[in-house]
Amino acid sequence: MKKFFLFSLIFCMCQAGFSQHETRLANNLNAKKICSYNAVDHALGDVSQFQNPSTAMIKSTVNLGPSETHIGTTLYDLFSNYNIGNRFHRFADGTITGVFMISLESGFPDRGTGYNYYNGASWGPEPGIRIESIKTGWPAYTPWGAEGEMFVSHDFAAQELYILKRQTKGEGLWSESMFPHPGGPDDLVWPKMITSGENNEVIHLIGCTNAEWMGQNPTYVYSRSVDGGLTWDPHDIVIDGMGEDYYLNVVQDRCFMAANGNSVAILYVDVWTDLYYVRSDDNGDTWETTVVWEHPIPFFDPATMYVDTFYCPDWSGSMTIDDNGHAHVVFGLQRGISDESGSGVYAWNPNNDGIVYWNDMMEPFSNDINALAPPHLNVPESELVVDENYIGWMQDVDGNGVVELEGIFAIRTYGMSTQPSISVDDYGQRFVIWAANTEGFVYSGGDEPVNYKHIWSRAYANGVWGDFMDLTEDIAHIFDDCVYPMIASTSDDHIHYMYQADIAPGNSIDGDHDEHDNYWIYGMLPKSDLLTGIQEQQVTGNAVVSQNFPNPFSGISSVNVTIESNTNLSLVVTNMTGQRVLWINKGHVEKGNHSFNIDGTQLGPGIYFYTVISGKSEHTHKMIIK
């Protein structure tokens, strides 16, 4: 591997006060940042001059950098084959847990689950050994009971699942047991787990078969326990909506689980089948299926069937269920093709780049092959709209109107913008983070230079998606490829997230580079940094607008307005998706006091925003209908 000794740069960094990163900088001598850009040609066209939908929304984090902590180190760097599971959790009391696959020995004979815990004041020491007694991988973590925690991981060699649990999070001994499957498939791997119920007492577990089962190869089977995993009922069933009557197979690591209260959902993100989720609102007794994106060809088999190029998910996605019960889904984009010579996915083409947002108050996407075409391609059949359901893309960092890439590289099947993770807070504000190839940050330690991935974020409030923010723009990450981001489903005044960073793009297990240290990093960022300009605001004008009263409410709530001069006066109510649901126009009124009455029975429970428009001024507040 090529070596680039940047002693002068490192010296300047150290002099600038970045001594805490000395070890990492010393390990990053085979990487550098290149400030010039070369054209890159590709079989699908010149992709080095990729045009952005928008170039004016980037916000620098130089002065707003989040607080970060190294919580773990590992040589093993393949965090997921496709989709990221549940491995980062923030509790209601502010404590946090992060788990990851840890191995500190070459060849990974010691691989297992690394665990770290934030007790409300500080993180524990970086783990140096796995928790399990045997070699495992692919952990899925969840709270359990009032104070406990548990996770599941697989022993791939034996095709078995292991469950570890303890009564009090962050302390005490773990108990370890093998997941039983009498009468079910005898080969279960790549598990996911989550809990629901008032005290996280209902455990939901899915495991992927490594052979044919119930007419599919492979498939996911579902089990549920209400006694801490001592018994399971149902046990190893295929949920209706995911079985052979609907799909050829359900493949490992393409599932994501979400829960809130008594609701639980399993999201499935694929290139060759629908993007859908099955959901239960009664702790797993009954399930319903929602198709978010319908595949152009039902029961499509890429090995034997032909389809022309079509726009599709990139196998990465996540979802959350908010406190009002609404489902929110995000996923990455790419373009797929299958022909007589076999299947292929053009994940590496920047023109197919993007992060898509959808919620259950929106119409599902159709099965048109161009339904998920990025808006900047101007494909007439595209159903994506910038800053509505198309919310993320690679950014024009230098502001010259195009994204210039030094080289094209994507981890496995992921797209250029990929691995999105979403959280919705108590006020209905949405926060999305994802990994994306980033202009201006270039790795030159391999055969060809390629752009590093950074962690990007946007927020939604008051009916508007805000600025883009590079969460890893800080000089500490000048030599880092930042991937596998996960945002906590709950928050306070900050968002909380975890991601993996290392010096070279790709995975050592895939032969992309030699084995080296990978760092798991926890970050927190004030929400205000993402919400600036889109939060509730009092626009300077000639009116004083009250908060509606009562609030929350279920019947009638009033808004009082005082205006200083004669003007036109109206009130507009929008829902969380920015749709106008109520308009009250008083026309031209005299100066003085006026009031609006909002009838909550006509709108339904949820979070809304009302905007009073007086002349050219606008005043926006949030209200809650219960």
Side-chain angles (χ1 to χ4, degrees), residues 260-261 263 281 320-328 357-363 385 387-389 424-431 459-466 491 493 527-528 531-626:
N260 191 346
S263 298
D281 292 316
T320 192
I321 301 172
D322 68 27
D323 289 343
N324 289 316
H326 290 297
H328 303 256
Y357 167 80
W358 179 91
N359 66 51
D360 59 15
M361 294 173 283
M362 298 176 171
E363 290 294 323
V385 179
D387 292 338
E388 290 187 16
N389 54 16
V424 179
D425 69 10
D426 297 341
Y427 302 101
Q429 299 172 141
R430 307 165 198 163
F431 303 89
Y460 174 97
N462 203 10
V464 177
W465 285 98
S491 58
D493 292 336
K527 290 179 179 177
S528 58
L531 294 170
T532 300
I534 61 172
Q535 284 183 304
E536 297 175 4
Q537 47 189 314
Q538 296 293 322
V539 180
T540 302
N542 64 344
V544 176
V545 179
S546 73
Q547 178 69 50
N548 67 301
F549 182 84
N551 186 48
F553 67 103
S554 56
I556 301 296
S557 185
S558 298
V559 176
N560 296 318
V561 183
T562 302
I563 56 176
E564 299 175 350
S565 59
N566 299 349
T567 189
N568 293 319
L569 185 64
S570 62
L571 179 143
V572 174
V573 177
T574 58
N575 61 20
M576 288 176 59
T577 67
Q579 298 172 315
R580 189 175 74 180
V581 295
L582 177 65
W583 179 40
I584 304 175
N585 185 11
K586 291 185 175 291
H588 195 76
V589 299
E590 296 183 351
K591 66 177 181 180
N593 299 322
H594 301 269
S595 64
F596 294 91
N597 289 328
I598 301 172
D599 187 353
T601 63
Q602 302 300 313
L603 299 177
I607 298 174
Y608 298 85
F609 300 93
Y610 64 89
T611 300
V612 173
I613 305 170
S614 56
K616 296 182 178 180
S617 69
E618 298 181 3
H619 305 257
T620 300
H621 290 272
K622 176 174 58 63
M623 66 181 187
I624 300 175
I625 301 177
K626 59 185 179 179

Distance col, row R580:CZ vs N575:CG, nearest 0.5 angstrom, shows 12.0 Å

Donor + acceptor pair across side chains of H328, D322 (<3.5 Å): yes

Would you give me the side-chain donor-acceptor pairs under 3.5 Å for residues 581-588, sequence neighbours excluded?
{"from": "N585", "atom 1": "OD1", "to": "G587", "atom 2": "N", "distance (Å)": "2.9"}
{"from": "K586", "atom 1": "NZ", "to": "S595", "atom 2": "O", "distance (Å)": "3.1"}
{"from": "H588", "atom 1": "ND1", "to": "N568", "atom 2": "OD1", "distance (Å)": "3.4"}

Please give me the minimum heavy-atom distance between S614 and T567, naming the atom from each residue. C-OG1, 3.8 Å

Residue list, side chain to side chain contact (heavy atoms under 4.5 Å, CB included) with P605, at least two apart or on another chain: none

Q547 side-chain N/O to K622 backbone N/O, donor-acceptor pair under 3.5 Å: yes

Is the shortest side-chain heavy-atom distance between V573 and M623 below 4.5 Å? yes

Does some side-chain heavy atom of I598 sit less than 4.5 Å from a side-chain heavy atom of L571? yes

Hey, does F609 have a side-chain heavy atom less than 4.5 Å from the side chain of T574? yes

Is any side-chain heavy atom of S558 less than 4.5 Å from a side-chain heavy atom of N548? no

Any side-chain to backbone donor/acceptor pair from N566 onto K591? Under 3.5 Å, distance only. yes

Heavy atoms of other groups near Y427 OH, more than 12 under 6.0 Å: no

I'd like to check the side chain to side chain contact (heavy atoms under 4.5 Å, CB included) partners of S554; sequence neighbours left out, ordered by chain and number. K626

Rounded to the nearest 0.5 Å, the CD atom of E363 sits from the CG atom of N389 at a distance of 12.0 Å

Begin with the C-alpha distance, continue with both residues' side-chain angles, and end with the deciding distance and a verdict on side-chain contact (heavy atoms from CB on, under 4.5 Å) for V559 and S546. CA-CA 6 Å; V559 176; S546 73; 4.3 Å; yes

For the student: nearest non-hydrogen atoms of A461 and L531, plus distance: CB-CD2, 3.8 Å

All ring pair (Phe, Tyr, Trp, His ring centres under 6.0 Å) counterparts of Y460, not counting sequence neighbours: W465

Checking D425 now: which residues fulfil salt bridge (Lys or Arg N to Asp or Glu O under 4.0 Å) with it, not counting sequence neighbours? K527

Looking at every non-hydrogen atom in both residues, tell me the closest pair between I556 and P550 and how far apart they are. O-CD, 3.7 Å

Between E388 and M362, which heavy-atom pair has the shortest distance, and what is it? O-CE, 4.2 Å

Please list all pairs passing the side-chain hydrogen bond (donor to acceptor under 3.5 Å, both in side chains) test where one or both residues lie in residues 603-612, with sequence neighbours left out. T611-T620

When you compare the side chain of R430 with that of N359, does any pair of heavy atoms fall below 4.5 Å? yes

Is the shortest heavy-atom distance from the side chain of I563 to the side chain of H594 under 4.5 Å? yes

Quiz question: by atom type and distance under 3.5 Å, do the side chains of N593 and N560 form a donor-acceptor pair? no

For S263 against I321, the heavy-atom pair lying closest together: CB-CD1, 4.0 Å

Please find the pair of heavy atoms, one from F596 and one from S570, that lie closest to each other, and give the distance. CZ-C, 3.8 Å

